[in-house]
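What follows is one structure encoded as structure tokens, with my remarks underneath.
Nothing here was measured: the structure is a model prediction, and the numbers come from that model. Worth knowing before you read on, the calculation uses all heavy atoms, side chains too, and leaves out hydrogens, waters and symmetry mates.
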Number of protein chains: 2
Amino acid sequence: MYHITIKDIARQLNVSVSTVSRAFNNKSDIKKETKELILHTAKKMGYKPNPIAKKLIERRSYNIGLVVPEFVNPFFSQVSIGVQEVLAKKGYQLLITQSNESYETELLNVKNLENSMVDGIIMSLTRETDNTLYYKELIQQGLPIVFFNRVPEKLNATKVIFNDYKWAFFATEHLIQQGCKNIVHLKGISASQTISSERSRGYKDAMKKHKLSLNQNQIISTGFTINDGKRVAELMIKNNQIPDGIFAINDDVAIGAMTVFKTHGYKIPKDIAFVGFTESKIAPIMEPPLTSVIQPTCEIGIEVAKLIIHQIENENNYTPQTITLNGQLNIRASSLRNI
Amino acid sequence: MYHITIKDIARQLNVSVSTVSRAFNNKSDIKKETKELILHTAKKMGYKPNPIAKKLIERRSYNIGLVVPEFVNPFFSQVSIGVQEVLAKKGYQLLITQSNESYETELLNVKNLENSMVDGIIMSLTRETDNTLYYKELIQQGLPIVFFNRVPEKLNATKVIFNDYKWAFFATEHLIQQGCKNIVHLKGISASQTISSERSRGYKDAMKKHKLSLNQNQIISTGFTINDGKRVAELMIKNNQIPDGIFAINDDVAIGAMTVFKTHGYKIPKDIAFVGFTESKIAPIMEPPLTSVIQPTCEIGIEVAKLIIHQIENENNYTPQTITLNGQLNIRASSLRNI
DNA sequence: TTGTATGCGTTATCAG
DNA sequence: CTGATAACGCATACAA
């Protein structure tokens, strides 16, 4: 693959490289005819400006790194679509990496991106990420970073988050309004995760507001997968602790639990009403269709991308901010008791 | 963000840049002590080599472009994981673009990648892509390209495909072995798509082999989404054309159709047995769980990545090849009649 | 209006 | 063993 350069064009036309350069960046004055001639022959010769050379001069890579926990999770691929959309328009390229829910890999990814001289990093932490010291240092060094979704609680950084508390509250309240009295919350795992704790906080406050009894057994640390949901449901059945409503940390857990309860003869939503979180593709086709909180995935991506660009282009003149986005409760049959 | 360069180190240590450079590329001889001193102070100063400068010299971007129809489809995100894995190890970066099933966007993406001076392109065509002339030209110009999944039938290029024919044949034969006599195939749309036509060819041949009647009504051009599946099922019910087995172009179509038939009181698999294709996350948790052909998504990615690297590194000395990968039929309750 | 020279950060080729 | 210098492709300040 031989690439045509401005030198080739200059030689061909017996002009200097600077003239050719000028023709492309309609800056300094250049005779209209020469310009047109150059542009024309450039096109004919199949010239494409070498972005690498430009980047070297501008001392910027126009690359932005993205670090997500796992790409199989549609949430993150959807966010990345939003990110791409904005970045592409602005001439940036996105380098996508995934940390497979491993802090070690996450750190490695970030360091690799640094070595790639990205202009900024967009990231969502793994579930096990506890130590955010390195990211703090990066911020202090002046590297633009935007966190989203799974964000470091203690760091003063730019963040885009979802109002987990509010929507967990609404979701729980919805179950209560459907007549549920004994609602169990299937929670994530680590208490350090903002998301898990915010959602369970919303659950608790809704229970309190409506003066429903709330004991330790009603919040169960489950995990995040379909199998986690299944496992917990089996345990609940074995212990004969059957609630009349379940608010799950996410759709996968809800689906897993629902499946098990169904095969054991429980009627949904009559015996147990279900609400999930972070609407998945499966929710609407479950039987019964699963009520879930939908997050504005694409908007999150768009917002994140705008923020990182803003931060890059106003390097010395920006203050960390946290943007909180809203969602929607998609009410479906799994929680509708038609009281 | 000020970046330390070898110049900074040279100045700091009162040596020349070439000495510093030598210290990093343990090539030419350099006094052990100076080398160690340089390496040490470089680390202390937080030096990171500028990959852009290196790329300029090497006249290579070490970027590889990926063009997929849509990233929401987990198939493609899974493939991309495999691709990433291999490329990252070899020091390449992946630029991911998606064409949203639009030929126009696809072409735009490819051209953008060209302008980014990618060293090669990995792509899967959109469903509407018909004209592959431009890609032919690119290949002739010597740009390494590897196609996968949705590949241009007529182009002599490197391709990684799945044995759609074979597994469609097996899937259909499985239904026949379960006692189905009147099997309908829910096909994609465009006849020009290798995948759709290969799968329906497999279906037809299996029917022929087992001497089952096969008329035009048994192959229905459906589409690719859950709603397409629903729509067709409703039509079949309305026309009272109820088969005893359905082999769908993909899981989404199977799921859509299955849902409708179920709500109309049909028993799965007793009344109608179902087989999907390209195992989705939903398949195992459907009720009944959906039999499907699983594709080795990650392996496809790995294979594709290896091929593009091979092509890049042996630019003048490679011949286009087509690699066909195998899958597996995950038999589940949706097709098991326990005869 | 155009050409010359310099520099972006690095490597490579020569001299020394 | 080390230093000076040219080159990668392009942009730009300055000179003509």
Legend entry - Phosphate OP1/OP2 of dC8(C): any Y2(B) side-chain N/O under 4.0 Å: no
Inset, instruction - Please determine if a side-chain N or O atom of N50(B) lies less than 4.0 Å away from the OP1 or OP2 oxygen of dT10(C). - result: no
Inset, instruction - Check every strand shown and say whether V15(B) touches a base, only sugar-phosphate, or nothing at a heavy-atom separation below 4.0 Å. - result: sugar-phosphate
Inset, instruction - Search all heavy atoms of V83(A) against all heavy atoms of I122(A) and return the closest pair with its distance. - result: CG1-CD1, 3.8 Å
Inset, instruction - To the nearest Å, give me how far apart NZ (K55(A)) and P (dG7(C)) are. - result: 24 Å
Inset, instruction - Would you please confirm or rule out a distance under 4.0 Å between OP1 or OP2 of dT5(D) and any side-chain N or O of S18(B)? - result: no
Inset, instruction - Quick one: pull up CD in E128(B) and CG in N131(B) and give me the separation to the nearest 0.5 Å. - result: 11.5 Å
Inset, instruction - Would you indicate, yes or no, if dT2(D) has its OP1 or OP2 atom less than 4.0 angstrom from a side-chain nitrogen or oxygen of S16(B)? - result: no
Inset, instruction - Would you indicate what V17(A) reaches in the nucleic acid, counting non-hydrogen atoms under 4.0 angstrom: base, sugar-phosphate, or nothing? - result: nothing
Legend entry - Side-chain heavy-atom pair F76(B), T297(B) within 4.5 angstrom cut-off: no
Inset, instruction - Report the distance from atom CD1 of I6(A) to atom P of dT12(D), rounded to the nearest whole Å. - result: 11 Å
Inset, instruction - Assess whether one donor atom and one acceptor atom, taken from the side chain of S21(A) and the base of dT12(D), lie less than 3.5 Å apart. - result: no
Inset, instruction - Please check the phosphate of dG9(D) (OP1 and OP2 only) for any side-chain N or O of R59(B) closer than 4.0 Å. - result: yes
Inset, instruction - Using a cut-off of strictly less than 4.0 Å, decide whether T5(B) has a side-chain nitrogen or oxygen near OP1 or OP2 of dG9(C). - result: no
Legend entry - K7(A) side-chain N/O to dC8(D) phosphate OP1/OP2 under 4.0 Å: yes
